[in-house]
Protein chains: 2
Amino acid sequence: MKRKMTLKQIAKELDVSVSTVSKALKDSKEISQDTRDKVQAFAKLYNYRPNNIAISLKNRQSRNIGVIIPDIVHHFFTQVISGIENIANANGYNVIVCLSNESFEREVLNMEALAQGSTDGFIMSLAKETQEKGDYHHLREVVNMGMPLVMFDRVADEIYCDKVVIDDAQAAYNAVNQMIGSGCRKIAIISTHDHVSVGKLRTLGYMNALRDAGIELNENLVVKVDGEEACAEAARKLLKYQVVDGIFAVNELYAIIAMQEAHKREFRIPEDISVVGFTDGILSKYSNPPLTTVVQHGFEIGEMTAKMLIDKLEGREPEDHYRTEVIKTTIELRESTRNEATTTL
Amino acid sequence: MKRKMTLKQIAKELDVSVSTVSKALKDSKEISQDTRDKVQAFAKLYNYRPNNIAISLKNRQSRNIGVIIPDIVHHFFTQVISGIENIANANGYNVIVCLSNESFEREVLNMEALAQGSTDGFIMSLAKETQEKGDYHHLREVVNMGMPLVMFDRVADEIYCDKVVIDDAQAAYNAVNQMIGSGCRKIAIISTHDHVSVGKLRTLGYMNALRDAGIELNENLVVKVDGEEACAEAARKLLKYQVVDGIFAVNELYAIIAMQEAHKREFRIPEDISVVGFTDGILSKYSNPPLTTVVQHGFEIGEMTAKMLIDKLEGREPEDHYRTEVIKTTIELRESTRNEATTTL
DNA sequence: AACGTTAACGAAAACGTTTTCGTGTTAATA
DNA sequence: TATTAACACGAAAACGTTTTCGTTAACGTT
């Protein structure tokens with residue numbers, strides 16, 4: 001490993017002091033033009049670059065942003081990372097990505113490791129396990145240390161920090177409302193056994209939409225499942241034993257699976273049954289027929305989290321004041337729904 | 001921002017020297033049991049953690065791995081990152097992710113920024129622009145500095161470093177061979193205008209498979225496209241003007257698009273036409289019918305790159321000796337092909 | 001009494017910066 | 001000529017560690 005050029009070496013070579021070199025490189029007028037030129041030329045020649053670590057130590061900041069997410073293979077999270085990276089990069093920050101893999105322990109370990117100087121602040125979405133446990137001591141700790149924290153998507157209400165979320169209930173409401181507008185009356189919802197808000201909120205939006213349209217809630221059309229197989233099974237039952245003319249699924253995958261089951265039973269989509277998903281991903285775009293979905297705008301969420309964090313880091317926002325930004329969802333109308341001239345949201 | 005506990009503070013509080021504290025915390029027997037206990041208790045009470053940055057500076061290593069990839073929203077890359085993260089984490093390394101967004105400039109900038117102490121080594125896949133330019137000075141630079149570099153997928157042959165790739169030609173050969181085995185004789189290939197090896201190699205494998213099966217190459221069945229629309233157009237022409245009983249696409253998306261076009265023209269899949277894609281992603285699994293694909297095993301590729309890098313970093317591999325690992329691909333047989341009892345590869 | 005040994009600790013250097021506060025030299029001013 | 005101001009630079013501290021090399025005191029050995 002070749003030694004890297006340092007101020008000290010330059011100083012020695014040019015027979016000046018380290019301070020002089022440092023100042024000369026910053027074009028400080030405390031140093032004569034002559035010396036400045038000499039130093040700069042030498043530095044350029046040997047391709048001198050200041051050592052990030054030394055600067056971090058000196059300034060007590062790393063210019064790194066720690067991102068802790070449950071998992072990276074989901075489209076939504078990659079979009080968020082993309083957005084974060086975009087803003088971070090533009091502001092001279094690097095992004096350190098850690099995966100909790102939905103594990104509480106790894107989430108804690110990762111946070112603790114990064115919190116000791118590696119990172120100036122955190123952006124995170126909670127692991128499922130963490131949500132179930134409801135143990136947020138690690139979050140409290142970093143917040144108490146004065147490290148800015150921005151949570152998104154899966155957030156902990158009881159932690160005081162900046163947050164970026166979508167209005168799940170409203171988004172679900174809009175989606176279901178759209179289905180109603182296109183003539184659906186027997187709309188089923190396929191949701192998850194969420195220990196968390198997300199599933200509940202989306203179900204709530206579903207119910208409100210029905211209520212506001214004067215449609216009575218049929219409990220048989222409200223199903224909660226975990227896993228692909230369970231979803232397929234539930235869809236089969238739904239289609240076999242119930243009268244259904246619309247299915248609203250709380251994620252993309254469940255919607256696709258429901259569509260597949262509908263196909264198998266020879267339902268026509270969207271003529272016989274409309275299907276709407278949540279979280280716009282690549283599946284929705286290329287499924288057959290393409291799926292109408294609620295778009296969460298992960299990229300914008302990522303950008304927003306990064307903006308909020310950097311604002312805190314650079315002192316543009318007061319430390320002790322926390323905001324919760326709600327990012328608007330939209331509906332991407334595709335061919336799995338009958339899209340009359342109803343206003344798109 | 002509350003000050004973090006440091007050795008110096010502990011020393012002051014307990015009225016001993018910094019060195020004593022440092023040694024006591026490491027349970028050095030140079031220090032009396034008494035003092036050790038006292039120091040450790042105090043440190044625990046105040047939740048002392050050593051500052052990563054200071055340690056990095058001292059040890060001249062960051063325990064960070066820099067990963068530079070063109071883009072993160074593709075399933076393949078997220079799988080690779082997952083694999084990297086998995087191994088890195090297990091070995092006490094963090095992963096810094098930077099996106100080049102296929103831009104040469106950002107790739108260079110990111111590398112240069114990370115190379116100054118932030119990172120002990122790099123794992124990367126080249127941006128398209130970089131490949132077109134063929135300008136690899138930034139890679140040379142980090143290699144010359146003695147920083148380990150591992151390239152994967154889109155690699156630069158002329159750079160001496162560790163590499164992890166798949167055998168594109170062989171994989172394509174196997175895929176096409178599989179189609180031939182199931183009775184296809186008029187097999188088309190939809191490839192990209194790659195300035196790079198990948199497209200060429202896969203086409204080569206396609207040709208070899210035909211040759212070895214004694215099937216004459218029909219140039220009309222070899223199409224190169226860029227972009228989704230172009231692909232759809234090409235598929236339409238293929239299906240309209242040529243006799244085709246199999247389509248091999250060099251990526252997942254093109255395969256799906258080809259299937260859609262085939263559906264529109266009322267071809268039955270796989271009865272009339274077999275379709276095979278490359279790069280197993282979520283689309284393949286949930287398309288209708290599910291798509292037979294060549295699986296690249298991104299997770300394993302990621303794990304391998306991380307292993308190789310860490311081996312170098314920890315001195316388990318000689319600095320000046322470079323390996324190229326070829327990760328085996330497999331074929332995931334699904335319902336877009338007629339899967340006779342031919343050996344799966 | 002002189003010497004060596006050991007235990008327990010501290011001082012200081014080092015990692016590579018930045019920044020404050022001198023200090024010596026020269027030139028301008030009173 | 002004496003004073004001041006400007007200029008050009010260096011020394012040293014600081015960021016938080018780790019590690020080497022003392023140093024001191026107590027004790028045991030001849």
Side-chain angles (χ1 to χ4, degrees), chain A residues 1-40 42-43 46-64 113 115-120 145-146, chain B residues 1-40 42-43 46-64 113 115-120 145-146:
Chain A
M1 165 80 99
K2 254 181 278 178
R3 262 294 78 70
K4 289 213 54 195
M5 188 52 62
T6 72
L7 289 186
K8 201 192 276 191
Q9 288 176 54
I10 301 184
K12 193 193 257 180
E13 292 295 323
L14 295 176
D15 208 37
V16 292
S17 77
V18 173
S19 357
T20 302
V21 177
S22 175
K23 291 170 193 164
L25 288 176
K26 308 202 117 64
D27 240 344
S28 155
K29 45 182 48 178
E30 215 182 317
I31 304 300
S32 72
Q33 191 62 53
D34 236 41
T35 313
R36 270 188 271 170
D37 291 346
K38 227 185 319 177
V39 172
Q40 287 171 13
F42 190 91
Y46 286 95
N47 201 16
Y48 167 80
R49 292 287 149 72
N51 180 309
N52 292 334
I53 300 285
I55 292 181
S56 289
L57 183 58
K58 185 102 239 288
N59 298 346
R60 290 212 203 73
Q61 57 153 324
S62 61
R63 293 198 88 77
N64 285 152
Q116 315 305 323
S118 304
T119 265
D120 296 341
M145 281 173 46
Chain B
M1 163 79 99
K2 254 181 282 180
R3 256 303 72 71
K4 291 215 50 197
M5 189 52 62
T6 71
L7 289 186
K8 203 192 275 191
Q9 288 177 55
I10 301 184
K12 195 194 253 178
E13 291 296 324
L14 296 177
D15 208 38
V16 291
S17 76
V18 173
S19 356
T20 302
V21 177
S22 174
K23 290 171 194 165
L25 289 176
K26 305 204 120 63
D27 240 346
S28 155
K29 44 181 51 176
E30 216 181 319
I31 305 298
S32 73
Q33 191 62 52
D34 235 41
T35 313
R36 269 187 270 173
D37 291 345
K38 227 186 321 178
V39 171
Q40 287 172 14
F42 189 92
Y46 285 96
N47 202 16
Y48 167 80
R49 292 286 150 73
N51 180 309
N52 292 334
I53 300 287
I55 293 182
S56 289
L57 183 57
K58 184 105 241 287
N59 298 345
R60 290 211 200 75
Q61 57 152 332
S62 60
R63 292 199 87 77
N64 286 154
Q116 315 304 323
S118 303
T119 265
D120 297 340
M145 280 171 48

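The sequence lines fix the lettering, A, B, ..., with proteins before strands; numbering per chain opens at 1. Everything numeric here is computed off the predicted structure, so don't read it as measured data.
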For this session: For B:K23, answer base if it contacts any base atom (sugar-phosphate contacts may also be present), sugar-phosphate if it contacts only those atoms, and nothing otherwise; contact means non-hydrogen atoms under 4.0 Å.
Result: base
For this session: Give one of base, sugar-phosphate or nothing for A:R36, where a contact means two heavy atoms less than 4.0 Å apart.
Result: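 No contact.
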How many whole angstroms separate atom [atom1] of [X] from atom [atom2] of [N]?
{"X": "B:L25", "N": "D:dG16", "atom1": "CG", "atom2": "C1'", "result": "13 Å"}
{"X": "B:D27", "N": "D:dT18", "atom1": "CG", "atom2": "P", "result": "14 Å"}
{"X": "B:L57", "N": "C:dG16", "atom1": "CG", "atom2": "C1'", "result": "6 Å"}
{"X": "A:L14", "N": "D:dG10", "atom1": "CG", "atom2": "P", "result": "11 Å"}
{"X": "B:D15", "N": "C:dG10", "atom1": "CG", "atom2": "P", "result": "8 Å"}
{"X": "A:K38", "N": "D:dA8", "atom1": "NZ", "atom2": "P", "result": "13 Å"}
{"X": "A:N59", "N": "D:dG16", "atom1": "CG", "atom2": "C1'", "result": "14 Å"}
{"X": "A:K29", "N": "D:dC7", "atom1": "NZ", "atom2": "C1'", "result": "13 Å"}

Output the distance between atom [atom1] ([X]) and atom [atom2] ([Y]), rounded to the nearest 0.5 Å.
{"X": "B:I31", "Y": "B:K38", "atom1": "CD1", "atom2": "NZ", "result": "11.5 Å"}
{"X": "A:I10", "Y": "A:M5", "atom1": "CD1", "atom2": "CE", "result": "6.0 Å"}
{"X": "A:K58", "Y": "A:I55", "atom1": "NZ", "atom2": "CD1", "result": "10.5 Å"}
{"X": "A:Q116", "Y": "B:R49", "atom1": "CD", "atom2": "CZ", "result": "6.0 Å"}
{"X": "A:D120", "Y": "A:S56", "atom1": "CG", "atom2": "OG", "result": "7.5 Å"}

Exercise. Does A:K58 make a side-chain donor-acceptor contact with the base of C:dT17, cut-off 3.5 Å?
Worked result: no
For this session: Give a yes or no on whether a donor-acceptor pair under 3.5 Å exists between the nucleobase atoms of D:dC9, that is its base, and the side chain of A:E30.
Result: yes
If only side-chain N and O atoms of [X] are considered, is one of them under 4.0 Å from the OP1 or OP2 phosphate oxygen of [N]?
{"X": "B:R60", "N": "C:dA14", "result": "no"}
{"X": "A:T20", "N": "D:dC9", "result": "no"}
{"X": "A:S32", "N": "D:dA8", "result": "no"}
{"X": "B:K26", "N": "D:dT18", "result": "yes"}
{"X": "B:T35", "N": "C:dA8", "result": "no"}
{"X": "B:S19", "N": "C:dG10", "result": "no"}

Exercise. What nucleotide among C:dC15, D:dG10, C:dG10 has an atom nearest to a side-chain atom of A:S17?
Worked result: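 That would be D:dG10.
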Seminar exercise, completed: Residues of residues 5-12 of chain B with a heavy atom under 4.0 Å from any atom of DNA chain C, listed by number, are none
Problem set entry | Full working for side-chain contact (heavy atoms from CB on, under 4.5 Å) between A:V39 and A:L14 | CA-CA 8 Å; A:V39 172; A:L14 295 176; 3.9 Å; yes
Exercise. After noting the C-alpha distance and the side-chain angles of A:T119 and A:N64, does the key distance pass the side chain to side chain donor-acceptor pair (under 3.5 Å) rule?
Worked result: CA-CA 5 Å; A:T119 265; A:N64 285 152; 5.6 Å; no
For this session: Check A:E30 against A:K23 and note the closest heavy-atom contact, atom names and distance.
Result: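 Smallest interatomic distance, heavy atoms only, reads OE2-NZ, 3.3 Å.
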